[in-house]
Protein chains: 2
Amino acid sequence: MRIGALGQVTGVDPETIRYYERIGLLPAPTRRANGYRAYGPAHLERLAFIRHCRALDMPLADVQRLLHLLDHPLDDCQDVDRLIDTHLAHVQGKLQSLQALARQLEQLRGRCHGQHATAECGIMHELVAAAQGENCVCHGSSVQAPLKNMWRPESQTG
Amino acid sequence: MRIGALGQVTGVDPETIRYYERIGLLPAPTRRANGYRAYGPAHLERLAFIRHCRALDMPLADVQRLLHLLDHPLDDCQDVDRLIDTHLAHVQGKLQSLQALARQLEQLRGRCHGQHATAECGIMHELVAAAQGENCVCHGSSVQAPLKNMWRPESQTG
DNA sequence: TAAAAACCTTGTAGTCACTATATGGTCAAG
DNA sequence: CTTGACCATATAGTGACTACAAGGTTTTTA
């Protein structure tokens, strides 16, 4: 099958398939007389595997490692477990921070109702407050340094 | 103050500050005789504002728009509201899909306990199942196309 | 006073996983 | 014979940095 068909079957853009080949994730297939790539079932299987891992948001480096383990099925599967554990921890961490972020944005959004000039907008005031080093609805205090007299010519930092 | 001090106060890497200047997010400061950048309070304020928006995971393009609104405080703040709303919706969408992803990975992880060869690993079997077009613990069926006879020489696609 | 460390400058390339564009060859249908 | 869909390559762009190279300056230390 040609690259377009493979792309349709797997749901992977042909450009992306070529990209996978370029970075060594998918083995280069044989070519026809006209130079077109000719894929077989092995390629389809491998690409579907890659696509599934990507759907699970695994980085391509991890996918590469899993493919290697697939090619060497006698190795200990602890490597697989560790990889999935690490990835899961990563995803969970991201989830936590995203939840906190959503809460912050919701609070921020609640600062403004109706229409008025930007100068009176609660959201803007809130965002600017952070630049002043005050406590904001979002973060405790993002700028802790004393903003006293760091404007002197040079080098007397205290 | 010099770029290092500004970076320390705001918690932004000097390389990043120069990057912000390059892309027009932070105005270019005056230079000293030796060519060093000399920042004033206005720069600090602006950079802290940027940093705060970035902490809220806003894209720099959005930050740019907010900065423009800051510079034109008489504009209607509806633009601010819309921007925050859009961003919040984006974050909430990402949150949803990340939650689904975490669930999927947890299920996948549960497929393997103890150590054995990769060939017997439940995780690997699960991942490979997707490549076979079967229903997996993660997705309904990621490959729906009939995998019958698409291996014929060429172009008779049915 | 000299050397070393820390800082600054510019420019360029690398990251990740694509995505888009340019330019041209191949093939089937009308 | 032309239109359109498909394929090929190479290159550059995305976002938001990060790292490096190769040099100049300032501060600290011995």
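Sequence lines set the chain letters: A, B, ... in the order given, protein chains first and strands last, and positions in each chain run from 1. The model shown is predicted, which means the values in this text are computed figures rather than measured ones.
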For B:Q78, which residues count as a side chain to side chain donor-acceptor pair (under 3.5 Å) partner, sequence neighbours excluded?
-> none
Between C:dT26 atom P and A:R31 atom CZ, what is the distance in whole Å?
-> 14 Å
N/O donor-acceptor pair, side chain B:Y19 with base D:dG15, under 3.5 angstrom | no
List in chain and number order the residues that pass side chain to side chain donor-acceptor pair (under 3.5 Å) with A:Q96, two or more places apart in sequence or in another chain; answer none if no residue qualifies.
-> none
Between OH of A:Y39 and C1' of D:dC7 the distance, given in whole Å, is 11 Å
Start with the C-alpha distance between A:Y36 and A:I3, add both sets of side-chain angles, then the distance that settles side chain to side chain contact (heavy atoms under 4.5 Å, CB included), and finish with yes or no.
-> CA-CA 8 Å; A:Y36 288 14; A:I3 199 169; over 6 Å; no
Any pair with a residue in residues 78-93 of chain B that passes salt bridge (charged side-chain N to carboxylate O under 4.0 Å, His left out), sequence neighbours left out, goes on the list, sorted by first then second residue, please.
-> A:R109-B:D81, A:R109-B:D85, B:D79-B:R82
Comparing nearest nucleotides in DNA chain D, the 5'-proximal residue of the pair B:P59, A:E21 is A:E21
A:Y20 OH to C:dA17 P: how many Å, rounded?
-> 8 Å
Residues from residues 11-18 of chain B sitting under 4.0 Å of DNA chain D, heavy atoms only?
-> B:E15, B:T16
Review item, nucleotides 12-14 of chain D N/O atoms under 3.5 Å of protein N/O:
none

Where the side chain of A:Y36 is concerned, which of D:dA16, D:dA8, C:dC18 is the nearest nucleotide?
-> D:dA8
Establish, with yes or no, whether the OP1 or OP2 oxygen of C:dT9 is under 4.0 angstrom from a side-chain nitrogen or oxygen of B:R37.
-> yes
B:H87: ring pair (Phe, Tyr, Trp, His ring centres under 6.0 Å) partners, not counting sequence neighbours = none
Any idea which heavy atoms bring A:L44 and A:T10 closest together, and the distance?
-> CD1-CG2, 3.3 Å
Contacts under 3.5 angstrom, residues 12-26 of chain A side chains, donor-acceptor by atom type, not counting sequence neighbours:
from	atom 1	to	atom 2	distance (Å)
A:D13	OD1	A:E15	N	2.8
A:E21	OE1	A:R37	NE	2.8

By side chain to side chain contact (heavy atoms under 4.5 Å, CB included) - contacts of B:R103 (at least two apart) = B:Q99, B:A100
Base, sugar-phosphate alone, or nothing: which one does A:I3 contact when heavy atoms must sit under 4.0 Å apart?
-> sugar-phosphate
Out of C:dC18, C:dT26, D:dC17, minimum distance to the side chain of A:L60 belongs to C:dC18
In whole Å, what is the span from the CZ atom of A:R54 to the C1' atom of C:dT19?
-> 14 Å
Could you check if a side-chain atom of B:F49 sits within less than 4.5 angstrom of a side-chain atom of B:L66, using non-hydrogen atoms only?
-> yes
A:M58 has an atom CE; how far is it from atom C1' of C:dA17, in whole Å?
-> 16 Å
D:dT26 phosphate, OP1 or OP2, under 4.0 Å from B:N34 side-chain N/O | yes
Figure out the CZ/P separation between A:R32 and D:dC7, and round it to whole Å.
-> 10 Å
Can you tell me the distance, in whole Å, between the NE2 atom of B:H90 and the P atom of D:dG15?
-> 13 Å
Rounded distance (Å) that lies between atom P of C:dA17 and atom CD of A:Q64 | 11 Å
Listed partners of B:H68 passing ring pair (Phe, Tyr, Trp, His ring centres under 6.0 Å), at least two apart | B:H72
